[in-house]
Amino acid sequence: MKAKIKPRINLDERTALQDVIPLDTPFVVFVDPASACNFRCPFCPTGDRALIRETGRFQGVMSFELYRKLIDDLAEFPRPIKVLRLYKDGEPLLNKRLAEMVAYAKASDRVDYIDTTTNASLMTPERIGPVIEAGLDKINISIDGMNNAQYRRFTGFDMDFDTLVERVRWLHRNKGACEIVVKIPSELLDGIEPQVFYDTFGDHCDRIFIENFAPCWPEFDVEARTGFSITQGIYQQPLQDTDTCPYIFYAFSINADGLASACFLDWGRKLVVGDARRESLRAIWNGERLNALRLQHLEGRRREHPVCGSCGQLTHCLPDNIDPYRAELLERLRAHLAAADPS
């Protein structure tokens, strides 16, 4: 097998957050090309269309005009962002201008690295080829079954599995400098030996990994909806109790309609901290609402928050752990905010 058995998250040479918080420029900005998805996976809130309708959440693709404004906004930060993540709630390839989005960000010189995640249902050579040519650095491919019947049962989508495999092979042959990552939840192997998964995809990607389901979505019971008991972390690691969310200190998200969320898991739009249609990204990053959330976490009150308090991301998904440095970081953030306050 040519691929490395390695999770999609980059754990090597990570910056020690305790040394750099507060950041004048975010490391990661999530931009959602499409808030809708053509799958109905039970582990994901977007798959429950009735639930999403109840939230009143915009269902559609991001306009290119809004996207261009977001990338132009990055020029206000002191330095380029490390990662532009073209993925959040929906299937990115539903946005037919995804290749243009990648190309525009690359040409801006304000983005070091661009990645995305796809269910591969729309990953035809005609659709994905221009995205690769535009300069995409990494694509995570989510495999949601090992045959047609599993796909129909789990995603509600009629996927031709043999065609999917051939599309992954085509992508690997034509990937250029783009890194290809293939992953599947262990629960979906459903009696199939892991080696079958490795044999099917392992020679046609750069990384491959068998993940676990994770209760990462706040206010969304993955165990109840899937029927699986979750006893390990998403990357097969032991569970750990982390009290302070690191993500809000180095990343934030722009939804397909322009609303800014403090967290990429904000499926219900309960962590909105700004509106990128009317505010600059830098203003949102340094804004009162996001800083109030950061202070609440550093003050040890994360569990009092109606959304953050029930988040399983911190226990199940290998976050950076800044708990031991909370007092120091709280003092530093307060001093930073005081210095920035013109009053």
Side-chain angles (χ1 to χ4, degrees), residues 26 28-41 43-74 81 83-106 108 110-111 114-123 127-128 130-131 134 136 139-140 142 157 216-220 247-248 251-281 283-285 287 289-290 307:
V28 182
V29 177
F30 288 78
V31 172
D32 203 9
S35 60
C37 186
N38 54 344
F39 278 18
R40 299 187 182 187
C41 304
F43 71 87
C44 175
T46 302
D48 187 332
R49 295 174 186 176
L51 177 67
I52 296 303
R53 281 196 298 269
E54 290 175 8
T55 70
R57 190 179 97 186
F58 169 74
Q59 287 286 85
V61 301
M62 177 177 284
S63 72
F64 194 76
E65 291 70 28
L66 171 59
Y67 176 78
R68 185 164 49 211
K69 189 258 184 193
L70 302 178
I71 300 303
D72 293 348
D73 276 359
L74 295 177
I81 63 171
V83 180
L84 174 65
R85 190 144 287 153
L86 291 175
Y87 169 74
K88 184 179 177 284
D89 293 313
E91 168 50 48
L93 285 170
L94 285 172
N95 193 319
K96 295 182 180 179
R97 302 189 72 173
L98 185 63
E100 294 175 73
M101 296 171 85
V102 173
Y104 193 79
K106 281 289 183 179
S108 74
R110 304 305 301 173
V111 175
I114 305 174
D115 64 20
T116 192
T117 297
T118 179
N119 63 30
S121 62
L122 302 172
M123 201 178 70
R127 186 73 67 87
I128 197 63
V131 179
L136 187 70
I139 183 169
N140 301 306
S142 298
F157 186 87
C216 55
W217 306 99
E219 303 179 306
F220 187 86
Y247 299 103
I248 56 176
F252 71 133
S253 303
I254 308 300
N255 298 299
D257 61 354
L259 291 179
S261 290
C263 176
F264 63 97
L265 296 168
D266 183 27
W267 63 271
R269 306 300 185 261
K270 294 183 178 181
L271 292 171
V272 172
V273 292
D275 188 339
R277 295 168 295 189
R278 301 176 180 87
E279 304 169 80
S280 72
L281 294 188
I284 296 170
W285 178 249
R289 282 182 281 183
L290 191 46
V307 178

Quiz item: Going by heavy atoms in the side chains, are Thr55 and Trp267 under 4.5 Å from each other?
Solution: yes
Quiz item: Looking at CG of Asp89 and OG1 of Thr46, how far apart are the two atoms once the value is rounded to the nearest 0.5 Å?
Solution: 4.5 Å
Quiz item: What heavy-atom pair brings Leu94 and Val61 nearest, and what distance separates the two atoms?
Solution: O-CG1, 3.7 Å
Self-check item: Closest heavy-atom pair and its distance - Ile128, Leu93
Solution: CD1-CD2, 4.2 Å
Quiz item: Looking only at heavy atoms, which two atoms of Pro26 and Val29 are closest? And how far apart?
Solution: CG-CG2, 3.9 Å
Exercise. Would you please classify the geometry between the Phe30 ring and the Phe264 ring as parallel, tilted or perpendicular, with 30° and 60° separating the classes?
Key: parallel
Quiz item: With a 4.5 Å heavy-atom cut-off, do Leu136 and Lys106 have their side chains touching?
Solution: no
Quiz prompt | Side-chain heavy atoms of Leu271 within contact of Ile248, under 4.5 Å | solution = no
Quiz item: Is the closest side-chain heavy-atom distance between Pro33 and Met62 below 4.5 Å?
Solution: no
Quiz item: Taking atom OG of Ser108 and atom CG of Leu70, what is their separation to the nearest 0.5 Å?
Solution: 11.5 Å
Quiz item: Going from OH on Tyr104 to CG on Leu84, what distance comes out if it is rounded to the nearest 0.5 angstrom?
Solution: 13.0 Å
Self-check item: Least distance between heavy atoms, Leu265 atom then Cys216 atom
Solution: CD1-O, 3.3 Å
Quiz item: To the nearest 0.5 Å, what is the distance between CZ (Arg277) and CD (Glu65)?
Solution: 14.0 Å
Practice problem: Ignoring hydrogens and angles, tell me if any N or O in the side chain of Trp217 forms a donor-acceptor pair with the backbone of Phe43 under 3.5 Å. | Solution: yes
Quiz prompt | From Leu98 atom CG to Tyr67 atom OH, the distance as rounded to the nearest 0.5 Å | solution = 8.5 Å
Quiz item: Is there a side-chain contact between Cys37 and Asn119, using heavy atoms and a 4.5 Å cut-off?
Solution: yes
Quiz prompt | Modelled atom types, side-chain donor and acceptor of Asn255 and Ser261, under 3.5 Å | solution = yes
Exercise. Could you please spell out the steps behind the side-chain contact (heavy atoms from CB on, under 4.5 Å) verdict for Asn140 and Tyr87?
Key: CA-CA 10 Å; Asn140 301 306; Tyr87 169 74; over 6 Å; no
Quiz item: Considering only heavy atoms from C-beta outward, does the side chain of Phe157 approach that of Arg40 to under 4.5 Å?
Solution: no
Practice problem: Of all the heavy-atom pairs spanning Ala99 and Ala134, show the shortest one and how long it is. | Solution: O-CB, 3.4 Å
Quiz item: Judged by atom type as modelled, is there a donor-acceptor pair below 3.5 Å linking the side chain of Arg110 to the main-chain atoms of Ile71?
Solution: no
Exercise. Using only heavy-atom distances, determine whether the side chains of Ser253 and Asp266 contain a donor-acceptor pair under 3.5 Å.
Key: no
Quiz item: Is the backbone of Ala256 close enough, under 3.5 Å, to the side chain of Ser35 for a donor and an acceptor to pair up by distance?
Solution: no
Quiz item: What pair of heavy atoms forms the shortest contact from Leu86 to Thr116, and how long is it?
Solution: O-OG1, 2.6 Å
Quiz item: Asp73 and Lys69: salt bridge (charged side-chain N to carboxylate O under 4.0 Å, His left out), yes or no, with the steps?
Solution: CA-CA 6 Å; Asp73 276 359; Lys69 189 258 184 193; 2.8 Å; yes
Practice problem: Step by step, work out the side-chain contact (heavy atoms from CB on, under 4.5 Å) result for Ile139 and Val131. | Solution: CA-CA 10 Å; Ile139 183 169; Val131 179; over 6 Å; no
Quiz prompt | Side chains of Phe58 and Arg269 in contact at under 4.5 Å (non-hydrogen atoms) | solution = no
Quiz item: To the nearest 0.5 Å, how far apart are OG in Ser142 and CZ in Phe39?
Solution: 9.0 Å
